[in-house]
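In what follows, a single structure is set out as structure tokens and then discussed.
Sequence lines set the chain letters: A, B, ... in the order given, protein chains first and strands last, and positions in each chain run from 1.
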Amino acid sequence: MAPPKPRVIYWFRTDLRLHDSPALKAALDLKPECLYPLWCWDPHYVYRARVGPNRWQYLLDCQSDLSASITKLNPKSKLFVVREAPQTLLVKLFKAWRITHLVFEKDTDAYARERDEDVMKKAKDSGVEVIVKMGRTLYDPDELVKANGGKPTMSITQVQHAAEKLGEVAKPIPSPESLPDPGDITLDFEQTQPSPTPDINEIQRDENDKSYSKLAGPNGDFSVPTMSELGLKPATTQHRGGETVALRALDEIISNTTYTATFSKPETAPTAFSPQSTTLLSAHHHFGSLSVRLFYWRVMDVLKSYTKSDKTTPPTNLIGQLLFREMYFGAQAPLGYSYAQTHGNSHCRFIPWHLPSEIEPSNGLITGSYHIDAPEAGTWFHRWKWGKTGFPWIDALMRQLRQEGWIHHLGRHAVACFLTRGGCYISWERGAEVFEEWLIDHEVACNVGNWQWLSCTAFYSQFYRCYSPIAFPKKTDKHGDFVRHFVPELKDFPDKYIYEPWKAPIADQKKAGCLIKGDGEEKEGEGEGGVKIYPKPMFDFSARREICIQAMKNAYHIGLYGDHPKVKDGTWREFFDDEAEGPTEGKDAQSNGVPGKKRVKSGKEASGDKGVDQDEGEAAELGGESKGGDREEKSPVKRKRKGQGTLDGYFGGKKARK
DNA sequence: CGACGAGTTGCGCTC
DNA sequence: AGAGCGCAACTCGTC
């Protein structure tokens, strides 16, 4: 008897496109009798990830566009959206639709790996063959890591070397010209309802959530959900998702060959907003509505036509931007869940930030809640998130982020530096959570990686380079057009004061129709005669900057990483000062000039594979007098034998021991 | 091993 | 007005 003709489910996830899909090509190569383009409404996304209305809308845009494109190729087909978790749904569909093959694109995110392992095991038990192809990145992150000696890719040099070993980036695959019919689409089984608690997205909804009220949607037609079916508040962003929009945007960028060939990220203006100065393609890459390999080769084609001196190169050019994405995927892939948090992360420095994450003891994962170790830091975080810090540049960015779901890369630097090492000294995990909620282009690997970069906990370490909320935007926007647009209360302030309005004389404030007072909690227009109010700055930036740099310096010398036993059991505190006022700004900070510095009595322990071995045999010459006068501290984990005229030289010691 | 230069995107001052 | 340097100082990669 001839083998049955393949009946295939193509499971869409972060690959909402028809062009350049190695997995879709593999599905079609099976010459199936029927093909079901499927989307499973994963409760992990609905209830357990932070997703604000703007990213929801963007996802629905992508799904609607994809569904329409599928129907164009085969009027009987569409994107079949089924409201159930893949882990429970797929096995039932295998049976109901007599499926022989399940095909999907590989996903190396921590949760996705777990989910896909589960699904693959169940498929095997059901006698369904599974085909997985990589399509999300230029290189398979697991292959990239292998080529990097099995280690997470932590620098762009490592990525470039590893990539060289892997050879050329795959050439894009054209979209299919036709698609097979779907088969019978009856659903003769009960829906498995997910548990909506805890519902991390509850705050995003303004009516009853009907996400799982009926398997094939309210009309039983497998439709893409609407925002109202999901109970979500309306989106506020003007940015639209979908493969059609993405390909059009790509064409437009590539047609401007000068822009494409001479793009240099550090020189793009973070204050440009209409139009913005970068490509705005990141969200398309996130949802897969634009293939990174297509973008790569289209840019390469343009670069080929330019002579060496006329074009930019990685890491600053457009290709370089893709390489950073590869780096973050290659860092996440081997680290799994620990990548997205400090606790247990072998490659993330431990810094005693304010508002630290709460850890679930049973699995060592962050819970999404945090400790308010200092009430002041709690207030600062609130004011940062809601754009009321009193620093117009920071507030304008945070309001743009909330409103539009996108801000320029350097704007992200500015607000991230401000929240962490260059202002509030608040955990990067708090900031990453806000970005996760509000960005339309949120990609776990990139978001987490960039927050670690900016907070100098991984990837980057020049913590003394600090963005000023006043000087930095002045470079590209002397008149403050960006601030005037997103913080309209300040729109009539003179240029001179636009980034530091608290310095404006009262007469000027009155003339501009806005008074600088309060902490941002007053209602707008509360002032007499409808005069507007903008808050006073929440702290003296220069003073905070100094405190933070000193605290960072100290934490670097202590040298703990997230997987250190003392980080895990909480006894890291013995290396830092004064809990009552927060570990970074204790009383001793005044007495010795270094915030949070504590005289560590003993204890040298290894932190994972951090290379402490290089200290083997080096005598501990320190702990005594030094040119610093009163310096008398030891690091539990010595980083380096000797610095180049740095304090490192004073932190000698024997090899750390576990 | 050590020295040295570089590192996608700092600031503020001088010339 | 734009380039260059000092600031006080990090890690990585290469020689």
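- A salt bridge links A:D109 and A:R136; the closest N-O separation between the charged side-chain nitrogens and carboxylate oxygens is under 4.0 Å.
- Not one side-chain nitrogen or oxygen of A:Q462 sits closer than 4.0 Å to the OP1 or OP2 atom of B:dG10.
- In this model, the phosphate group of B:dG10 is not approached by any side-chain N or O of A:H413 to a distance below 4.0 Å at OP1 or OP2.
- Atom CD of A:E546 is separated from atom C1' of C:dA9 by 13 Å (rounded to the nearest Å).
- What separates OH of A:Y467 from C1' of B:dG12 is a distance of 16 Å, to the nearest Å.
- Salt bridge status for A:D301 with A:R298: absent, with no side-chain N to carboxylate O gap under 4.0 Å.
- The aromatic ring of A:Y464 does not sit over the base of C:dC10, since the test of centres under 5.5 Å and planes under 30° is not met.
- Residue A:H161 places at least one side-chain N or O under 4.0 Å from the OP1 or OP2 atom of C:dT14.
- Nearest to the side chain of A:S461, among B:dT9, B:dG7, C:dA9, sits B:dG7.
- Side-chain proximity of A:Y556 to B:dT8, C:dC12, C:dC10: nearest is C:dC10.
- The residue from A:F418, A:F539, A:W353, A:Y425 that alone fulfils the ring pair (Phe, Tyr, Trp, His ring centres under 6.0 Å) condition with A:W380 is A:F539.
- Across every strand in view, C:dA9 sits unpaired, with no contact that passes the Watson-Crick or G-U test at under 3.5 angstrom.
- The side chain of A:A471 approaches B:dC11 more closely than any other nucleotide in the set B:dC11, B:dT9, C:dG13.
- Between A:R402 and A:E437 no salt bridge is recorded (no basic side-chain N to carboxylate O distance below 4.0 Å).
- Side chain of A:Q158, nearest nucleotide from C:dC12, B:dT9, C:dC10: C:dC12.
- Considering only side-chain atoms of A:P315, the nucleotide from B:dT9, B:dT8, C:dA9 that sits closest is B:dT8.
- For the P atoms, the distance from C:dC5 to B:dA6 is 13 Å, rounded to whole Å.
- Among the protein residues, A:I156 comes within range of the sugar-phosphate backbone only, with heavy atoms under 4.0 Å from sugar or phosphate atoms but none that close to a base.
- Nucleic acid contact for A:F472: sugar-phosphate only, since backbone atoms but no base atoms lie under 4.0 Å from a heavy atom of the residue.
- Taking atom P on both B:dT8 and C:dG6, the two are 23 Å apart, rounded to the nearest angstrom.
- Whole-Å rounding puts the A:M552 CE to C:dA8 P distance at 18 Å.
- When the C1' atom of C:dA1 is taken as reference, atom NZ of A:K478 falls 10 Å away, rounded to whole Å.
- For A:S155 and C:dG13, the shortest distance from a side-chain N or O to OP1 or OP2 is below 4.0 Å.
- For the residue pair A:S282/A:D441, the side-chain donor-acceptor check at 3.5 Å is satisfied.
- Residue A:K475 places no side-chain N or O under 4.0 Å from the OP1 or OP2 atom of B:dT9.
- Between the CE atom of A:M154 and the P atom of C:dC12 there is a distance of 9 Å, rounded to whole Å.
- Of the N and O atoms on the side chains of A:T389 and A:D395, at least one donor lies less than 3.5 Å from an acceptor on the other residue.
- Atom-to-atom, CZ of A:R349 to P of C:dC10 comes out at 10 Å; the value is rounded to the nearest Å.
- A sub-4.0 Å separation between OP1 or OP2 of B:dC11 and a side-chain N or O of A:R545 is absent.
- Among the heavy atoms of the strands, none lies under 4.0 Å from A:H408.
- Using a 4.0 Å heavy-atom criterion, one finds that A:K474 contacts no nucleic acid atom at all.
- If you measure from atom CZ of A:R544 to atom C1' of B:dC11, you get 19 Å, rounded to the nearest angstrom.
- Within the shown strands, nothing qualifies as a pairing partner of B:dT9 under the Watson-Crick or G-U definition with both distances less than 3.5 Å.
- A donor-acceptor pair shorter than 3.5 Å cannot be found between the side chains of A:T262 and A:T312.
- Among the atoms of the strands shown, base atoms are found under 4.0 Å from some heavy atom of A:Q321.
- Taking the side chain of A:W453 as heavy atoms from C-beta on, and the options B:dC11, B:dT9, C:dA8, the nearest nucleotide is B:dT9.
- Comparing C:dC7 with B:dG7, their P atoms are spaced 22 Å from each other, to the whole Å.
- Between A:E326 atom CD and B:dT8 atom C1' there is a gap of 16 Å when expressed in whole angstrom units.
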